Amino acid sequence: MDEKNAIEMKNPTPSVSRRKLLRFIMAFLGLFGLGAILSSIIVFLTPPRSALKKVGGWQVVGNLSEFKESSLVKTYFGLPVILIKNGKGLLSFSTICPHLGCIVIWDEKKKWFICPCHDAAFDAGGKVLKGPAKPYNLLPMEIKVEGEMIAVKLPEDKLPGYPSWFRITMISGV
Ligand code: FES
């Protein structure tokens, strides 16, 4: 046995300071991972405030060519807006839940919007069906089509019917 192997045999476990360093690195990586997961959840559940600013005037959100199918529900990443095509034409709603402001999600199987925070549900026309968002429906957005472009706008005349925190959230973003 040479001298180097003899030293390794005498000291097969990492030294205390190496162990401490490894523990510190593992704790740091654990916290970093937890932070990344938590921030993703917060971003997912809260309205995209910068996007709300764009909804003050007419905001182009899509193109008619995206709506060739007879019925379709479309949401836009980074914009708190839903566009729906049904037998009556195009409709638009805000994705912000009027209970406490989480972002609603379309459930294709049940054909309704569900809020992941407290389980409120809204039908495909934005009408509240169940949960703590009652009696508030999803806020209908004004919608216009120019050529191929679809634009939506915050309907300020409909806001007075909503809770004050909701009005402030929507208007302060405008
Ligand atoms: Fe949507 Fe509470 S925030 S149900």
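The structure displayed is predicted, hence computed values, not measured ones. In each ligand, atom 1 is the first atom listed, and ligand 1 is the first ligand listed.
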Practice item. Please step through side chain to side chain contact (heavy atoms under 4.5 Å, CB included) for the pair L90 and I150, ending with a clear verdict. Key: CA-CA 9 Å; L90 279 171; I150 304 166; 4.0 Å; yes
**Study point:** atom 1 (Fe) of ligand 1 reached by C115 (N, O or S, under 2.8 Å)
**Key:** yes
Review point. Can you name the N/O/S atom of H99 that is nearest atom 2 (Fe) of ligand 1?
Key: ND1
Practice item. Look at C97 and state whether any of its N, O or S atoms is less than 2.8 Å from atom 1 (Fe) of ligand 1. Key: yes
Check your understanding: Tell me, which N, O or S atom in H118 is closest to atom 2 (Fe) of ligand 1?
Key -> ND1
Check your understanding: Is a side-chain donor or acceptor of S92 paired with a backbone partner of M141 at a separation under 3.5 angstrom?
Key -> no
Study note, to complete from the structure: For P132, the ligand 1 atoms with a heavy-atom partner under 4.0 Å come out as 4 (S)
Check your understanding: Are C97 and C117 close enough that their SG atoms are less than 2.5 Å apart?
Key -> no
Practice item. Taking only heavy atoms of A120 into account, list the atoms of ligand 1 that are under 4.0 Å away from them. Key: 4 (S)
Check your understanding: Does the shortest distance from atom 2 (Fe) of ligand 1 to an N/O/S atom of C117 fall below 2.8 Å?
Key -> no
Check your understanding: What is the nearest protein non-hydrogen atom to atom 3 (S) of ligand 1, stated with its residue, atom name and distance?
Key -> L100 N, 3.3 Å
Review point. Can we say K130 and D119 salt-bridge, meaning some charged N sits less than 4.0 Å from an Asp/Glu carboxylate O?
Key: yes
Review point. Would a distance-only check, ignoring hydrogens and angles, find a side-chain to backbone donor-acceptor pair under 3.5 Å from N137 to V128?
Key: yes
**Study point:** Salt bridge flag under 4.0 Å for residues K158 and E156
**Key:** no
Practice item. Compute the minimum heavy-atom distance from G131 to ligand 1 and say whether it is under 4.0 Å. Key: no
Check your understanding: Is atom CD of E146 surrounded by more than 12 heavy atoms (other residues, nucleotides or ligands) closer than 6.0 Å?
Key -> no
